[in-house]
Amino acid sequence: MGLIKEIDYGTPIRVGGDVALTIDGQTVTVPAGTSVMAAAMRLGTQIPKLCATDSLEAFGACRLCLVEIEGRRGTPASCTTPAESGMVVRTQTPRLAELRKGVMELTISDHPLDCLTCAANGDCELQTQAGVVGLREVRYGFDGANHFADARDTSNPYFTYDPAKCIVCNRCARACEEVQGTFALTVTGRGFASRIAAGATDFLGSECVSCGACVQACPTATLIENSVIAQGQPEHATITTCAYCGVGCAFKVEMQGDRVVRMVPYKDGKANEGHSCVKGRFAWGYATHKDRITKPMIRDKITDPWREVSWQEAIDRAADGFKRIQTRYGRTAVGAVTSSRCTNEEVFVVQKLVRAAFGNNNVDTCARVCHSPTGYGLKTTLGTSAGTQDFKSVDKADVILLIGANPTDGHPVFASRLKKRLRQGARLIAIDPRRIDLVKSPHIRADYHLQLKPGTNVALINAFAHVIVTEGLIDRDYVRERCEAADFEAWAKFIAEPRNAPEAVEPFTGVPAADIRAAARLYAGAPNAAIYYGLGVTEHSQGSTMVMGMANLAMATGNIGRDGVGINPLRGQNNVQGSCDMGSFPHELSGYRHVSEDATRQAFEAMWGVPLDPEPGLRISNMLDEAVEGVFKGLYVQGEDIAQSDPNTQHVIAGLTAMECVVVQDLFLNETAKYAHVFLPGTSFLEKDGTFTNAERRISRVRQVMAPMAGKTEWQVTMELSAALGYPMTYRHESEIMDEIAHLTPGFAGVSYARLDELGSVQWPCNDAAPLGTPIMHVDRFVRGKGRFMITEYVPTEERTGPRFPLILTTGRILSQYNVGAQTRRTANVAWHDEDVLEIHPFDAENRGIRSGDLVSLSSRSGDISLRAEVSERMQPGVVYTTFHHAVTGANVITTDYSDWATSCPEYKVTAVEVRRTNSLSQWQEQDRASGVTQRRIAGQTPEAAE
Amino acid sequence: MTKEPEHASTVEIDADYKAKLAHMAGQIADFFKSYPEEQAVHSIADHINQFWSPRMRADFLAACRDGSIHPHPLAGKAIGQIRGGGRKDG
Ligand code: SF4
Ligand code: SF4
Ligand code: SF4
Ligand code: FES
C-alpha cells in the first residue's frame, strides 16, 4: 500500500465532439476544447508545468509548458492552447529544453534551496519540475532580491503560509475563486513584488473559510498543512468517506503507520470531486482526542461515579437490565435509538437487535428530529423517501429554489458547486427568514430573497402554486401523463382558492405579493428548475406538509425526472439517509417497508428466524413520554446525544432519569451519558469498515485505517449485547452485514463491498434493473407509479408570540461546527466559533438596551438560558437566531415539544421567546454545570478527564 | 426474548399525556380536513394505525371513550376505524 496519486491532466477535461491530433508521433482523440497539455496526458506524456492543475482553468503564467506545433510560430503554452484536429505537436525538442531550463532558473533563483528540511520535500512540484527539466545550475545566483525574510502567516490553526517559498503561480487564488467560490485571496503588487494576500490582515481574519483548496492547489510548501510540518510526509493512503455531513465527501486518509498525517479530498469521489470543507479536511483530531472513552463502564445510579469494567461485565449488565425490565414491565418497555453518524452496517444490527432480540419495534433514529418529514412527504407524493438527483445535477439547473437551507454553512462542498453554477448565470430564489450568505456574496446575488416569518412556509409555497395554477403555468402534458388525475384536480381547485393567493398570504408571511408572483413565474418558466431544501423546511409543525407542497410544485411544473431539476433534501448528518434506509424507524423495515406488510416481514422472519411484531413501535418522543409515564424503562442509545440535540431538554432529562437502564454507546461521555448506567465505547470512522449513504443516495465505503481504540468495533459490541439477550448474530465482517441488507432490501440488491470497490460508490436503487445505480430517480415514471398531488392546507403553528414572549427564535448551524459539536468542539475549529451567540436585529436590540457582546437571557415557556448577543441585520425585526453547537449553552432548553403532525419532527425553527440583558447564567445552566461534573465522574480519575 | 407481561397494566396515564395524544390526533385531523369527510376520516385512522404504537392507540381510544379527552371532531369520527380493540399485545 502506498500513497494514492490521482492523474493531473493540467487542465479540465471537456465534454464535446472529438478532435484527433498527433503528439510526439502518437495520435490521440480528445473532446473539443481540451488543452494540448491535457491531450498529451491522455497519452501519458507529462508536459512540464507549474501554474496548471486540472481542478482549475488554464492560466498561462509560468511558461514552463511550452510546446512546438507544426505550422505555428513560436512556442505556445500547452495549457492555454486548445487541441485541434490535425495538429502535430512536439513536447520535447532541444529548443524547448533550453527555454524550460531558463524558466526554471528564474523561478528557482528567488526560491530558498532548503529542500532537505522543507516540509514539502518529496511532494513538491517545483522540486519535481526542476528535476524534469534537468536544471543543473542557476546562473543568476541566489544573492539577488528575495522574500526569504517575509513573515509566515500562522493564523489559521490548520495550515501555514510561508511567503518565502511562493512562486506566485496563482493556483491558490484561483482555487479559492473557482473551486471554493470564496474569493479570499488576491495577488498584490506587480512583477517581483507580487505576493498572495488573504484579506487585509491574515488568513484567520479574512473571508477564508479554511476549506483547504488553496493548500491542495499550491505546488510548493508555501501553503502547507501544519500536520505535515509537524509530522512529515505520509507514506500510505486509504480512500474513505467524511464522517461529518450529508455531502459525503471522499477523502484520502494519508498516514504514517497507524497515525493520520492529513485528509486530502479525493478527486475521483463523485460527491465532492476533489473538494472539501474545513470539517472533513482538517477537523479529524477529535478521533484521537484525550476525551475519548476507551473502556466500558457501568454504575448503579446516575449519581454514582463510573466504574471501568471488562467488556463482558458491561454487556452482561446491559443485557440483564433490559431483560429484567422486560420481565417486569413488558416486552415494549425497552427500545433503542440508532445514529445517523454510524455506518449502515452498525445501524442495521442495532435495529435488528431491537426487532429480533427485544422483540418489539421501538427503534428510532435522530433523523426523527431532522428529516423525517422528507421521508414521509416524498414517499407520499413520489413514492420514495429520498432526494431525486445527484449533486452534479445542479450544473444543469437554470433556476434554483433554495428553501430553509444554508448550504455555505451546512453543506459547504455542495455550496461550492451551487455557487459555481450561479456564477455561470443560473438564477437563485432564496426562501429563508435569515439573510444567508448566498443571498449576496462575491459574484452572486439572489434574484429574490423571500424573507418570510418563521412558520409560514406552507402558506408561501401554496402562494407559489397559486400563481402557477391561476396564471396557466402548469406543465399540462407532464401532469396528464405522469400524475394521478383526480388528486391533481382536487389540488388545483384547492390551490386556486383566493385564500392561497400571494396577496392573501402577504400579511402573515411578511413577503410582498409581487415578489412571490415574480419568483413563482421565474421558477415555473425555467427550462430546468430545481428545489434544494434543508431543516428550515422540515423542522416545523407542518414540516411534512411543506415537503409535499414542494413536491406538488415540482410535479406541476414538470420538474422531476431528468438532469437539472428535482427536489433535493440537504441532509444534516453524514448518514441520515442511510440510517433511515436501514429500517431505523419504528414503523418500517429497511427500504421503507411498513412492518405490517406480511410478505416483507416474512422475508425478514425467514432470514432472522424469529417472529416479528407487525405493529409500529415508539418514536423517541413517545419513548420519553412513556418513560415519564413510568411504562418505558430501558434505552440503548447508539452514538446519539438526545439530551443535547432533542427539543425541550428538561422533558428529555425527565424521561431519561425515569428509566432504569440507559446504555450509551459513544466516543465521548456526552450529555446523554450523564443519565446512563452502562457506557460502551464506540469507534470513530477511522477505526472501522462500513458504508455511509449521503444526501444523493450515494453509498460510499468507510475504510479502517487504525485499530479500534477500545478493542472492538461497534457492531461487534451490538452483536455481543444481542447474544447476551438471547439472540446471537454471527457476522464475521461488515461486508456480511451488507450482504444481508442487500438480500433483504430490493433497492440494495446489487450492493456489495466488491461492487463498491469496483464502482467507487453507487446511488441506490442498485439492483438488476439498475446495476450501476440510479443518479436520477423517477425518470419515466414515479416510484409509486403516478405522482400524487396532496392538498396542503396552511395551519399556523400553535407556538405564538404574545406579550410574554414577543420574539420568534429560530435555530441553525454554522460552518466550522457540526451538530451538537461533540467532534468539532474537540478540534481547532473553535478558532472560528467558541460559543453559541444570539443574533438579534438592531431594532429589537435597541428596544432592550442590548449591544453586541452583552450577556442576555433567552426565555421561552420551556425554560431559559443565558448567552451572548450579536446585533445583526441578517435577522428581520421580531426574529432572533442561535446555533446549538455547544452543550453548555443548552439551546434546546428553550425549544418546545411542538412537532410535525405526521412524523413528530420537532419544531426547532419556531419558538416564542423574550430576550433581556442579564449578568448571570440561568438556573438550568448552573445546575447543568454542577451535574456535568458529578454525573461524569469516573472512579479513580480527576473530573477534568471528562469534558 | 421476554414474552410476558406485555405491559404493566396498572399504570394510570396522566392528563398531560392524554392531552398530548389528543393534540397529536388533532394535528393529523387538521392536515386531512381539506379532503372530503369520508376520505379525511379514513386517512386519519390510517395514519394513526400506521404510526402509533398499539398502546398509544389504546390509551387514546380509552381516553376518548371515558370522556377525559375531546379530540378534534374529525379524529373523533375516525375512532371506529382505529385499530385497538382487537390485539391484546398493546
Ligand atoms: S482555505 Fe479555502 S477559503 Fe481559505 S483561502 Fe484557501 S481556498 Fe480560499
Ligand atoms: S501560495 Fe502556492 S499556489 Fe499560491 S501563488 Fe504561491 S506557490 Fe502558487
Ligand atoms: S462538505 Fe460535509 S462531507 Fe464534505 S468535507 Fe465538509 S463536512 Fe465532510
Ligand atoms: S503550466 Fe502552462 S503556463 Fe504554467
Side-chain angles (χ1 to χ4, degrees), chain A residues 322-334 356-362 376 490 494 541-542 544-545 548 585-587 594-596 610-611 613-619 621-622 625-626 628-633 725-727 790-793 795 798 897-904, chain B residues 1-40 43-44 46-60 62-63 72 74-75 82-84 86-90:
Chain A
F322 291 135
K323 284 196 280 197
R324 193 187 61 244
I325 290 168
Q326 287 195 303
T327 310
R328 179 139 176 238
Y329 302 98
R331 177 173 59 86
T332 56
V334 296
F358 285 168
N360 64 41
N361 287 320
N362 292 337
Y376 180 85
F494 153 77
S541 59
Q542 281 204 289
S544 293
T545 314
M548 292 186 271
F585 286 131
H587 64 285
H594 200 270
V595 290
S596 64
V610 281
D613 189 340
E615 288 286 359
L618 296 171
R619 298 168 175 172
S621 52
N622 308 127
D625 290 342
E626 295 206 353
V628 173
E629 287 303 303
V631 291
F632 186 88
K633 292 287 187 182
L725 287 164
Y727 182 80
M790 293 296 291
I791 295 181
T792 51
E793 187 78 68
V795 180
E798 289 158 274
D897 48 14
Y898 280 137
S899 63
D900 174 45
W901 68 270
T903 65
S904 306
Chain B
M1 188 167 98
T2 322
K3 234 17 218 160
E4 289 302 324
E6 286 302 339
H7 64 85
S9 51
T10 49
V11 181
E12 270 293 316
I13 21 172
D14 78 23
D16 275 3
Y17 181 56
K18 288 183 199 174
K20 190 161 177 181
L21 293 173
H23 182 256
M24 287 170 68
Q27 278 188 295
I28 297 166
D30 261 338
F31 176 79
F32 289 108
K33 71 181 180 211
S34 311
Y35 282 89
E37 182 168 306
E38 195 183 335
Q39 193 182 351
S43 302
I44 293 163
D46 185 53
H47 190 92
I48 290 175
N49 287 334
Q50 274 201 49
F51 296 101
W52 288 25
S53 75
R55 183 213 297 279
M56 288 166 68
R57 299 195 307 256
D59 288 347
F60 174 68
H72 189 293
L74 280 175
I82 295 173
R83 269 200 326 277
R87 291 176 55 86
K88 218 190 131 285
D89 62 345

Name of the residue among D625(A), V631(A), V628(A) meeting side chain to side chain contact (heavy atoms under 4.5 Å, CB included) with Y17(B) = D625(A)

Taking all heavy atoms of I791(A) and all of S34(B), pick out the closest pair and write down the distance.
->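 Nearest pair, atom of I791(A) first, then S34(B): CG2-CB, 3.5 Å.
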
If you take all heavy atoms of P616(A) and P54(B), which pair is closest and at what distance?
-> O-CD, 3.5 Å

Can you tell me if Q27(B) uses its side chain to pair, donor with acceptor, with the backbone of S899(A) under 3.5 Å?
->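 Present.
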
Between [atom1] of [X] and [atom2] of [Y], what distance do you get to the nearest 0.5 Å?
| X | Y | atom1 | atom2 | answer |
| --- | --- | --- | --- | --- |
| Q50(B) | H587(A) | CD | NE2 | 7.0 Å |
| F51(B) | N622(A) | CZ | CG | 12.5 Å |
| M56(B) | R619(A) | CE | CZ | 6.5 Å |
| E629(A) | K18(B) | CD | NZ | 9.5 Å |

Quick one: what part of [X] sits under 4.5 Å from any heavy atom of chain B, side chain, backbone, both or neither?
| X | value |
| --- | --- |
| E798(A) | side chain |
| Y898(A) | side chain |
| S541(A) | both |

Taking the inter-plane angle between the rings of H47(B) and Y376(A) on a 0 to 90° scale, is it parallel (under 30°), tilted (30 to 60°) or perpendicular (over 60°)?
-> perpendicular

Side chain to side chain contact (heavy atoms under 4.5 Å, CB included) between M790(A) and Y35(B): does it pass, once the steps are laid out?
-> CA-CA 10 Å; M790(A) 293 296 291; Y35(B) 282 89; 3.5 Å; yes

Do the non-hydrogen side-chain atoms of R55(B) and L618(A) ever get within less than 4.5 Å of each other?
->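 SC-SC contact between R55(B) and L618(A) ruled out.
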
